[in-house]
Structures are given as C-alpha cells and as structure tokens.
Amino acid sequence: MTFRIDVLTIFPEYLAPLGQSLLGKAAAKGLVSVGVHDLRQWTDDVHRTVDDSPYGGGPGMVMRPEPWGRGLEAVRPPGTRLVVPTPAGRPFTQAVAAQWATEPGLVFACGRYEGIDQRVADWAAEGGPVSEVSIGDYVLAGGESAVLVMVEAVTRLLPGVVGNAESVEFDSHADGLLEGPSYTRPATWRGHEVPPVLLSGDHAAIARWRRAQSLRRTADRRPDLLTGLPDGALTAADRAA
Ligand SMILES: Nc1cc(-c2ccc3cc[nH]c3c2)n[nH]1
C-alpha cells in the first residue's frame, strides 16, 4: 500500500530533499509517493497574493484563507489527516509518528509569515482530522523544515522503508527511554576502551548493561520521560540499577 504525502507551500523548492536518499529509495520501491504543490497556483489575483494584514492589528502578515481552501480542496483526499506545523501546536513525538504511519497518507500545510488564518484549520476539520503540531520549543521562519522532519520520522516507520526493521524497533523513545551508547571496532581508540561487557559474549549481561545505560542516560538528560512512563514500564531490576 503506497503512503501518499502532499505538501502545500509557497517555497516548493525547499521540499526538494523529499526526493532524495531514504525517501528516494522508498519512493522508488513504491512505498511512498510525494506531491509538492505551490500554493500560489490557487491565488486569484495578478500578484498571486497569499498574505494580508492581521485583523485586530499586530506585527507581520497572516496567510489568507482563500488560496488554502482552494489548494486543499484540490489536493487533500477526503478524510486524509491535515498536518499544520506551528510553534503553538501539540508536541510531535515518536508515538505521533507511529500513529500517522498506520494511516493511508498525510497532507501538510506549510505556513509562512505569522501563520495561516485559523479558519483554514477549522474548516479543514470538517473534511478529516487536522493536527496542529510543534516539532520543538523554538520558532522557525516557516513550516517547511518541520515538514521535512516529520516526513522523515513517519516514512522511516513504514514497513519496508528501513532495511533493518529491528533498528526501528530499538530507536530512542520506542520504549519511552533514550537509547544508550553504541560502539564498534576498534576495541581501543585513542586511549578509550569499549565497555568490556560488550566484548564478553554474555548476552544476558549485555542486555542488563544496555538497559541500565538507557535508564541512566534518560534520568540524566530527559528526567521528564521517566515521570511519563506507564505503570510497570520500570522493573524492580530497573529501579535497583
Ligand atoms: N515547532 C515549530 C514550528 C514552527 C513554525 C511553523 C510554521 C510557521 C509559519 C511561520 N512561522 C512558523 C514556525 N516553529 N517551530
């Protein structure tokens, strides 16, 4: 089943990387198909205007609803989730990416200026799910970078896209924790040793060590993830570690 992605933007060239590397191979395999659409094709004036002054005053410009309405009517398959990147959105997380990867596809609306007239998202919700999401607590100049991030996070979860399915299964955040450190040859490098347990061949000890490293790193770098874990996620051995 081909996962369909459509992106509406006033900077279509910004989304060119969507055809490269991981996504490129997936597209070549027919697992993903991507359409990038210039919003200005749905403007109705000779200047192809997409923005206007904000009602109520305030700095900057707001994206007009009409081009978005026409563009979404032309591009969005009925019932397909519309994703609107915004600093004011709900957090985009690995769990959200995993959920979206089970759907038939996504449509992304890339804002610029101070954002898109709110009525676009409100109207779009009449035709399917709408997710206003943030990729982090920092402010970008537009939604395009966020779309590149989210498309990569979602498409790598599609069956067949990442060669080694296990590497997806053991991602950071897959079990709610950060993944621990990784090592490869040489065993000693510039005076730094690989932890001996990893060379021991004792797979039970290696699994225990890796779990302990993951918990330690999570407690050190992202204690917030520990408070959000479901009951029973941490074993007695975890707590003793
Ligand atoms: N997480 C995050 C999203 C954004 C974002 C998304 C869309 C627009 C449109 C104009 N500025 C924008 C910023 N910044 N940070």
Side-chain angles (χ1 to χ4, degrees), residues 5-18 23 34-43 47-76 80-101 103 105-125 127-157 171-173 176 178 221-222 224-225 228:
I5 295 170
D6 286 288
V7 186
L8 284 79
T9 170
I10 60 171
F11 293 121
E13 66 281 4
Y14 200 102
L15 278 300
L18 285 187
L23 202 56
V34 178
V36 178
H37 311 272
D38 185 342
L39 181 71
R40 291 192 196 273
Q41 66 189 286
W42 292 291
T43 54
H47 300 294
R48 294 159 66 86
T49 312
V50 293
D51 64 313
D52 200 344
S53 303
Y55 274 121
M61 301 293 272
V62 174
M63 297 191 92
R64 301 170 54 226
E66 296 98 329
W68 283 106
R70 295 187 202 106
L72 288 170
E73 277 173 339
V75 167
R76 184 191 187 193
T80 298
R81 182 179 302 276
L82 174 66
V83 178
V84 186
T86 166
R90 296 176 194 278
F92 175 73
T93 63
Q94 189 70 11
V96 171
Q99 167 56 40
W100 293 358
E103 298 176 2
L106 297 167
V107 176
F108 291 91
C110 297
R112 280 274 159 172
Y113 307 97
E114 299 306 309
I116 304 171
D117 185 303
Q118 185 60 43
R119 289 170 292 177
V120 173
D122 297 348
W123 163 79
V130 176
S131 298
E132 296 183 65
V133 291
S134 167
I135 62 165
D137 293 338
Y138 40 82
V139 182
L140 304 168
E144 286 79 7
S145 306
V147 169
L148 289 174
V149 164
M150 290 190 278
V151 166
E152 183 165 331
V154 172
T155 54
R156 67 185 290 278
L157 297 178
D171 275 342
S172 265
H173 302 288
L178 302 184
R221 297 179 180 177
R222 289 294 306 277
D224 58 295
L225 294 178

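In this text, all values refer to a predicted model and were calculated from it rather than measured experimentally. We count ligands from 1, going down the list as the structure has it; atoms in each ligand are counted the same way.
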Novice: If you measure every N/O of Ser134 against every N/O of ligand 1, is any gap under 3.5 Å?
Specialist: yes
Novice: Once you measure the plane-to-plane angle for Phe108 and Trp100, does it fall in the parallel (<30°), tilted (30-60°) or perpendicular (>60°) bin?
Specialist: perpendicular
Novice: With a 4.0 Å heavy-atom cut-off (strictly under), which part of Leu140 contacts ligand 1: side chain, backbone, both or neither?
Specialist: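 For Leu140, backbone and side-chain atoms both sit under 4.0 Å from ligand 1.
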Novice: So do the side chains of Trp68 and Val84 get within less than 4.5 Å of each other, counting heavy atoms only?
Specialist: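 No; the side chains remain at least 4.5 Å from each other.
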Novice: Flag the pair Asp117 / Trp123 as yes when at least one side-chain heavy-atom distance between them is below 4.5 Å, and no otherwise.
Specialist: no
Novice: Please classify the Ala141 to ligand 1 contact at 4.0 Å (heavy-atom distances, strictly less than): side chain, backbone, both or neither.
Specialist: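 For Ala141, only backbone atoms sit under 4.0 Å from ligand 1.
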Novice: Of the options Ile5, Val83, Thr9, Leu15, which is the one that meets Val147 in a side chain to side chain contact (heavy atoms under 4.5 Å, CB included)?
Specialist: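 Answer to the side chain to side chain contact (heavy atoms under 4.5 Å, CB included) test with Val147 among Ile5, Val83, Thr9, Leu15: Leu15.
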Novice: Side chain or backbone, does Pro87 bring an N or O within less than 3.5 Å of an N or O on ligand 1?
Specialist: no
Novice: Rounded to the nearest 0.5 Å, how far does CD1 of Ile10 lie from CG of Asp51?
Specialist: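 Asp51 atom CG to Ile10 atom CD1 measures 7.5 Å (nearest 0.5 Å).
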Novice: Is the closest N or O pair between Val139 and ligand 1 shorter than 3.5 Å?
Specialist: no
Novice: Counting heavy atoms only, which part of Glu114 comes closer than 4.0 Å to ligand 1: side chain, backbone, both or neither?
Specialist: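 The answer is neither; Glu114 stays 4.0 Å or more away.
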Novice: With a cut-off of 4.0 Å, which atoms of ligand 1 are near a heavy atom of Gly136?
Specialist: 1 (N)
Novice: Without hydrogens or angle criteria, can the side chains of Thr49 and Arg64 be said to hold a donor-acceptor pair below 3.5 Å?
Specialist: no
Novice: Tell me, please: is Tyr113 in heavy-atom contact with ligand 1, that is, under 4.0 Å?
Specialist: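 Per 4.0 Å heavy-atom rule, Tyr113 contacts ligand 1.
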Novice: Among all the protein's non-hydrogen atoms, which is closest to atom 6 (C) of ligand 1, and how far away is it?
Specialist: Pro85 O, 3.4 Å
Novice: With rounding to the nearest 0.5 angstrom, report the CH2 to CZ distance, Trp42 to Arg70.
Specialist: 11.0 Å
Novice: To which protein heavy atom is atom 2 (C) of ligand 1 closest, and what is the distance rounded to 0.1 Å?
Specialist: Tyr138 O, 3.7 Å
